[in-house]
Amino acid sequence: MKKLTQLFSLEGEIAVVIGATGALGSAMAQALAQAGATVAVCGRSRERGEKCVNAILAIGGNAAFFETNALSRESLENAHQLIRSSLGHVSILVNAAGGNDPAATVTPENPFESIPQAAWQANFDLNLVGGALLPCQVFGQAMIQQRRGSIINIASVSAHIPLSRVVAYSAAKAAVLSLTRFLAREWAPYGVRVNSITPGFFPAEQNRRLLFNDDGSPTERTRSILAHTPLQRFGEPHELAGAVIFLASSAASSFVTGTDIRVDGGFLSQTI
Ligand SMILES: NC(=O)c1ccc[n+]([C@@H]2O[C@H](COP(=O)([O-])OP(=O)(O)OC[C@H]3O[C@@H](n4cnc5c(N)ncnc54)[C@H](OP(=O)(O)O)[C@@H]3O)[C@@H](O)[C@H]2O)c1
C-alpha cells in the first residue's frame, strides 16, 4: 500500500493540457503542477498560455507554453515533438479544448430544422475531433509505445442528457464519452488508461453568453440551471483538481479506465 502522498504524487510525470489557455484547462494544469507534474500548457493563445505558465511558476511548479491548434494534426505533431525534446516523454494528456459554437444553438430565429450543416460540423470539429480524437491519436501513439499513460477527456452534463438549445454541442460531447470508452478497451492492453470528467456548470468564456446578459445579470437559463443543481451554485474551476489528479495518478487510479467522474454539484442526480 502506497503512502497517501505517493498515491497522489505526479512527480516525474510530463502532462500535456490542451486548452490550458481556458478557464477549466488552466485550473487543471495548475492542479497537475501542484501534484508535481511538469506541464506543457497548450492552446492557440500565447497570451493566455503564458498567464497559465506564470501561475504555475508562481506556485513553484514547472511549465512551458506550446502553441497548438488542436484541429490540426500537423500542429499537434509539432507540439508533441517539441514537448518530447524539451520536457520528456508525455505520460498524461488532458483534452480541455472545446466549447459550444453558438452558430448551432437553437433559438426562435434559428430552429433545429434550419441549423446549417457547417454549424454542426464546427461543433463536432472543436469538441470531438480537436477536443479528443486527434490529440488521442497523436499522444496516444507515443503512450502505447512506452506502455503507460493516462488520458483524461472533458465531457459535459449534456453528453449524458442533452440540454435544451445546444444540440450539436451535446451530441459532440456524447461522442466524446463514447470515444473514451472505446479507447479504454482498445488501449488497456498497452497500459494506457482513458477516462473522462464531466464538469457541471462553470462560468467560462465559451458559455458566458448563455449564462449572463450583457449587463452581467444571470439569464433565465442560469436561474433554471441553479434550480436544477442540488448544491445550488456554479462550480469553481479549482474544484476539478481532485478528479484530474486522481485520474492522472497511476498509483491512485491504476485500476480505473473507461469511467467518467461527474463534478457537477449533483446536476445529473436529480430530475424534478
Ligand atoms: N465551463 C463549463 O461550464 C463547462 C462544462 C462542461 C464542459 N466544459 C468543457 O470544458 C472544456 C474547457 O472549456 P472552458 O469552459 O474552460 O472554456 P474556455 O475558457 O472558453 O476554454 C476553451 C479552451 O478551448 C481552447 N481551444 C478552442 N479551440 C482550440 C483549438 N483549435 N486548438 C486548441 N485549443 C482550442 C481555447 O484555447 P485557445 O483559444 O488558446 O486556442 C480555450 O483554452 C471544453 O471542452 C468545454 O466544452 C466546460
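Just follow the structure's listing: the first ligand is 1, and inside any ligand the first atom is 1.
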Discussion item. When you measure from the side chain of T68 to the backbone of A70, do you find a donor-acceptor pair of N or O atoms at a distance under 3.5 Å?
Written reply: no
Item to complete: Return yes if some donor-acceptor pair links the side-chain N/O of R221 with the main-chain N/O of S164 below 3.5 Å, else return no.
Response: yes
Item to complete: Check whether any heavy atom of F234 sits under 4.0 Å from an atom of ligand 1.
Response: no
Fill in: Nearest candidate to atom 41 (O) of ligand 1, where distance is taken over non-hydrogen atoms, out of R44, E67, R46, R208
R44
Item to complete: Give yes if a backbone or side-chain nitrogen or oxygen of F201 is under 3.5 Å from a nitrogen or oxygen of ligand 1, and no if not.
Response: no
Item to complete: Check step by step if salt bridge (charged side-chain N to carboxylate O under 4.0 Å, His left out) holds for R148 and E13.
Response: CA-CA 11 Å; R148 76 184 289 267; E13 307 286 358; 2.9 Å; yes
Discussion item. Using a 4.0 Å cutoff against the non-hydrogen atoms of N69, which atoms of ligand 1 qualify?
Written reply: 30 (C), 31 (N), 32 (N)
Discussion item. For K51 and E47: C-alpha separation, side-chain torsions, deciding distance, then whether salt bridge (charged side-chain N to carboxylate O under 4.0 Å, His left out) applies.
Written reply: CA-CA 6 Å; K51 212 167 138 193; E47 190 193 339; over 6 Å; no
Practice prompt. Pick whichever of A159, A97, S45 has a heavy atom sitting closest to atom 34 (N) of ligand 1.
Written response: A97
Worksheet, complete the sentence: A student checking ligand 1 against A155 at a 4.0 Å heavy-atom cut-off should list atoms 6 (C), 7 (C)
Worksheet item: Looking at atom 45 (O) of ligand 1, what's its closest protein heavy atom, distance included?
Response: K173 NZ, 2.8 Å
Practice prompt. Might you point out which heavy atoms bring N110 and P116 nearest each other, and give the distance in Å?
Written response: OD1-CD, 4.3 Å
Worksheet, complete the sentence: L126 heavy atoms within 4.0 Å reach ligand 1 at atoms 27 (C), 28 (N)
Item to complete: Determine the interplanar angle of the H228 and F267 rings, folded into 0 to 90°, and report it as parallel if under 30°, tilted if 30 to 60°, perpendicular if over 60°.
Response: tilted
Practice prompt. For G19, counting its heavy atoms only, list the atoms of ligand 1 lying under 4.0 Å from any of them.
Written response: 43 (O)
Worksheet, complete the sentence: the protein heavy atom lying closest to atom 17 (O) of ligand 1 turns out to be Q206 CG, 3.0 Å
Worksheet entry | Whether T105 side chain and R165 backbone form a donor-acceptor pair below 3.5 Å | no
Worksheet item: Parallel, tilted or perpendicular: which describes the rings of F212 and F234, with under 30° parallel and over 60° perpendicular?
Response: perpendicular
Discussion item. Need the ligand 1 atom indices (1-based, order shown) with element for anything under 4.0 Å from a heavy-atom of T68.
Written reply: 32 (N), 33 (C)
Worksheet item: Does the distance from a Lys or Arg side-chain N to an Asp or Glu carboxylate O, for E239 and R233, drop under 4.0 Å?
Response: yes
Worksheet item: At what distance is the nearest protein heavy atom to atom 8 (N) of ligand 1, and which residue and atom is it?
Response: Y169 OH, 3.7 Å
Worksheet item: If you measure from each heavy atom of G99 to ligand 1, is any distance below 4.0 Å?
Response: yes
Worksheet item: When you measure from the side chain of S26 to the backbone N and O of A23, does any donor-acceptor pair fall under 3.5 Å?
Response: no
Discussion item. S156 versus ligand 1: do any nitrogen or oxygen atoms come within less than 3.5 Å of each other?
Written reply: no
Fill in: salt bridge (charged side-chain N to carboxylate O under 4.0 Å, His left out) partners of residues 179-195, not counting sequence neighbours, each pair once
none
Discussion item. If the condition is salt bridge (Lys or Arg N to Asp or Glu O under 4.0 Å), which residues does R147 pass it with, not counting sequence neighbours?
Written reply: none
Worksheet item: Can you check whether L24 has an N/O within less than 3.5 Å of an N/O in ligand 1?
Response: yes
Fill in: Close-contact set for ligand 1 against N207 heavy atoms, below 4.0 Å
1 (N), 2 (C), 3 (O)
Worksheet item: Out of G235, P237, G22, who gets a non-hydrogen atom closest to atom 21 (O) of ligand 1?
Response: G22
Discussion item. Using heavy-atom distances only, which candidate in L210, V176, L76, I154 approaches atom 9 (C) of ligand 1 most closely?
Written reply: I154
Worksheet entry | Side-chain H-bond candidate by donor/acceptor type, N195 with T259, under 3.5 Å | no
Worksheet item: So, N153 and N95: side-chain donor and acceptor under 3.5 Å apart, yes or no?
Response: yes
Worksheet item: Considering only protein heavy atoms, which is closest to atom 23 (C) of ligand 1, and at what distance to one decimal place?
Response: A96 O, 3.9 Å
Worksheet item: Do T198 and V263 come within less than 4.5 Å of each other through their side chains, counting heavy atoms only?
Response: no
Discussion item. When you compare ligand 1 with A20, is there at least one nitrogen or oxygen pair between them that comes in under 3.5 angstrom?
Written reply: no
Worksheet entry | Proximal candidate to atom 3 (O) of ligand 1 [heavy atom criterion; set F202, F267, F65] | F202
Discussion item. Under a 4.0 angstrom heavy-atom cut-off, which atoms of ligand 1 come close to A70?
Written reply: 30 (C), 31 (N), 32 (N), 33 (C)
Worksheet item: Numbering the atoms of ligand 1 from 1, which are under 4.0 Å from a heavy atom of P199?
Response: 5 (C), 6 (C), 7 (C)
Worksheet entry | Residue and atom name of the nearest protein heavy atom (relative to atom 5 (C) of ligand 1), distance in Å to one decimal | G200 O, 3.0 Å
Worksheet entry | Within-shell test, G130 vs ligand 1, heavy atom, strictly < 4.0 Å | no
Worksheet entry | Residue pair L24 / P199, side-chain heavy-atom distance below 4.5 Å | yes
Practice prompt. Return yes or no for this condition: an N or O of A23 is under 3.5 Å from an N or O of ligand 1.
Written response: yes
Worksheet item: Donor-acceptor pair, S217 side chain versus N213 backbone, under 3.5 Å?
Response: no
Item to complete: Look at atom 36 (C) of ligand 1 and say which protein heavy atom is nearest, naming residue and atom and giving the distance to 0.1 Å.
Response: T21 OG1, 3.8 Å
Item to complete: Going by heavy-atom distance to atom 14 (P) of ligand 1, choose the closest among G98, A204, C42.
Response: A204
Worksheet entry | Test of proximity, P203 against ligand 1: N or O pairs below 3.5 Å | no
